[in-house]
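Okay, structure first, notes after.
Order of the sequence lines fixes the chain letters, A, B, ..., with proteins taken first and strands second; residue numbering starts at 1 for each chain.
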Protein chains: 2
Amino acid sequence: MRVLLVEDDDLIAHGIQAGLRARGLTVDGVKTAAQAEAILSAVHYQVVILDLGLPDEDGMSLLQRLRADGMALPVLVLTARDAVEDRVAGLRAGADDYLLKPFDFDELVARLHALLRRAAGRSVAIIEQGALRLDPERGQVSLNGHPVVLSRRELALLAALLHARGRILSVDQLKDSLYGFSEEIESNALNVHIHHLRRKLGADLIETIRGVGYRFNMGDT
Amino acid sequence: MRVLLVEDDDLIAHGIQAGLRARGLTVDGVKTAAQAEAILSAVHYQVVILDLGLPDEDGMSLLQRLRADGMALPVLVLTARDAVEDRVAGLRAGADDYLLKPFDFDELVARLHALLRRAAGRSVAIIEQGALRLDPERGQVSLNGHPVVLSRRELALLAALLHARGRILSVDQLKDSLYGFSEEIESNALNVHIHHLRRKLGADLIETIRGVGYRFNMGDT
DNA sequence: AGCATCGTTAATGCAGCCTTAATCAAGCCT
DNA sequence: AGGCTTGATTAAGGCTGCATTAACGATGCT
């Protein structure tokens with residue numbers, strides 16, 4: 001699950017990135033509207049977190065322009081402003097949700113997942129599939145009721161597979177949702193993580209489609 | 001099913017080729033407009049994927065010229081441009097569909113199949129024939145509701161036969177849709193794949209027309 | 001600062017797929 | 001009927017891609 005964070009304040013940006021990554025999300029961060037625009041035209045994200053106070057351009061006008069160009073991604077806006085008219089203007093510019101600074105980090109996570117859920121057409125936060133249960137907001141997984149401890153990568157991998165609901169994901173697609181644009185990898189690390197997941201969850205939950213990729217085995221459903 | 005990919009960026013080209021091949025399509029890749037024009041006049045394809053940003057000529061003007069010369073193939077255009085007027089211009093030049101970079105690979109596959117469907121005059125992605133069911137977008141086959149695991153070649157072979165809707169396909173025609181121009185084969189490999197398919201699906205689904213080729217047995221329909 | 005955990009790399013081994021080739025069966029022709 | 005041609009069948013070999021393991025490096029925590 002890949003998130004673009006547009007935030008010029010290093011401290012805030014770092015905090016958000018660290019927190020989201022710990023929950024298995026992949027975060028790319030940029031500091032200006034120009035950078036945001038450039039990277040959005042090159043990389044596919046699931047959601048954008050946009051701070052309105054940017055150095056080179058007002059976030060609102062950036063958002064408006066992106067929407068006019070046809071960008072359909074969910075956007076969560078961060079702002080220090082509080083006036084009702086700002087909020088209305090933001091929503092008209094195309095924001096999907098709002099968060100006032102200073103915000104509670106847990107609330108950010110909750111709203112982010114709400115947006116992702118809405119975009120995926122699901123309504124519940126917790127994904128259950130057979131004996132497996134995933135709470136993406138807390139980053140917790142259980143199998144047959146027993147909690148299973150997954151690392152960051154394992155969590156991201158499992159979330160991506162579950163999110164695809166049984167469709168086949170190629171290795172490249174999985175890499176895209178596991179790694180940010182500045183941290184591409186060269187090795188078979190993904191294979192290793194698959195291996196670890198199978199060891200923790202059982203070998204038959206993740207199927208290999210030779211020459212194609214991997215898929216989550218949904219059983220008969 | 002044979003696809004021509006016109007894309008000068010090695011990285012993108014390689015990714016697309018690998019993904020499409022894994023789904024049983026045969027992909028030939030060229031990097032310039034001149035090469036594209038040359039090979040289109042020599043080899044028969046089902047669909048063309050055309051990147052507008054080529055080194056030697058603008059893809060749009062290539063497309064326009066090809067259409068003027070009577071080329072009727074479906075063309076899926078890849079472009080970084082996003083303005084509405086570009087889109088309109090592209091469609092007037094003869095594009096059948098549009099995909100903005102960056103694109104989701106699943107979406108590319110879906111649109112490609114949509115184009116192929118449109119060209120074939122059918123409306124459903126999933127081909128059902130008697131007890132057999134083929135989902136080309138997922139590369140999955142089932143017989144009487146039970147999933148059947150097919151390898152890459154077997155899948156491509158079955159898709160070609162089904163796509164011909166009971167018409168006879170010669171061995172050379174089948175080879176053309178199984179192998180790209182850079183990987184012709186010398187042996188009876190095709191016979192072997194036919195054999196494997198019959199073993200997995202039953203012997204009567206694929207008929208041999210001696211001295212001519214093979215056809216899919218459509219039963220009474 | 002030291003420890004522990006996680007992630008990546010790299011090497012090795014295994015398995016599946018594709019092709020080849022050899023042999024067998026079945027039509028077709030004279 | 002016999003030979004010839006074409007396709008069917010089967011087994012073997014090589015290649016490719018994946019699984020597995022171990023070790024090293026990075027990162028974070030106490």
Mind running a 4.0 Å heavy-atom check of residues 160-171 of chain A against DNA chain C and sending the residues that fall below it, in number order?
none
Side-chain donor/acceptor pairs under 3.5 Å, residues 194-203 of chain B, sequence neighbours excluded:
| from | atom 1 | to | atom 2 | distance (Å) |
| --- | --- | --- | --- | --- |
| R198(B) | NE | I206(B) | O | 3.2 |
| R198(B) | NH2 | I206(B) | O | 2.9 |
| R198(B) | NH2 | T208(B) | OG1 | 2.6 |
| K200(B) | NZ | V149(B) | O | 3.0 |
| K200(B) | NZ | E154(B) | OE1 | 2.8 |

Atom pair distance, as rounded to whole Å: CZ in R199(B) and P in dC17(C)
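After rounding, the gap between these two atoms is 12 Å.
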Would you kindly give the CD1-to-C1' distance between I194(B) and dT19(C), to the nearest whole Å?
16 Å
Could you tell me whether the phosphate oxygens of dG7(D), OP1 or OP2, come under 4.0 Å of any side-chain nitrogen or oxygen in N191(B)?
no
Does dA19(D) have its OP1 or OP2 closer than 4.0 Å to a side-chain nitrogen or oxygen of H195(A)?
no
Quick check against the 3.5 Å criterion: does [X] have a side-chain atom that pairs as donor or acceptor with the backbone of [Y]?
X       : Y       : answer
N217(A) : E207(A) : no
R215(B) : G166(B) : yes
D97(A)  : R111(A) : no
R153(A) : L178(A) : yes

Counting primed atoms, P, OP1 and OP2 as sugar-phosphate and everything else as base, the B/S/- map of nucleotides 24-30 of chain D against protein heavy atoms under 4.0 Å is -------
Produce a footprint string for nucleotides 3-11 of chain C: one letter per nucleotide, 5' end first; B if the base is under 4.0 Å from any protein heavy atom, S if only the sugar-phosphate is, - if neither.
---SSBBBB
Residues which pass side-chain contact (heavy atoms from CB on, under 4.5 Å) with [X], listed by chain and number, not counting sequence neighbours:
X       : value
L66(B)  : E37(B), L40(B), L62(B), M71(B)
S170(B) : D172(B), Q173(B)
D28(B)  : R2(B), L4(B), Y45(B), F181(B)
S177(B) : A160(B)

Just to be sure I understand the geometry, which residues of residues 205-214 of chain B put a non-hydrogen atom under 4.0 Å away from DNA chain D?
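Correct list: T208(B), R210(B), G211(B), Y214(B).
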With sequence neighbours left out, which residue pairs that include part of [range] fulfil the salt bridge (Lys or Arg N to Asp or Glu O under 4.0 Å) condition?
range                       : result
residues 44-54 of chain A   : D51(A)-K101(A)
residues 137-147 of chain A : R117(A)-E137(A), D135(A)-R138(A)
residues 9-20 of chain A    : D10(A)-K31(A)

When L169(B) is tested against each of V212(B), L161(B), L157(B) for side-chain contact (heavy atoms from CB on, under 4.5 Å), which residue passes?
L161(B)
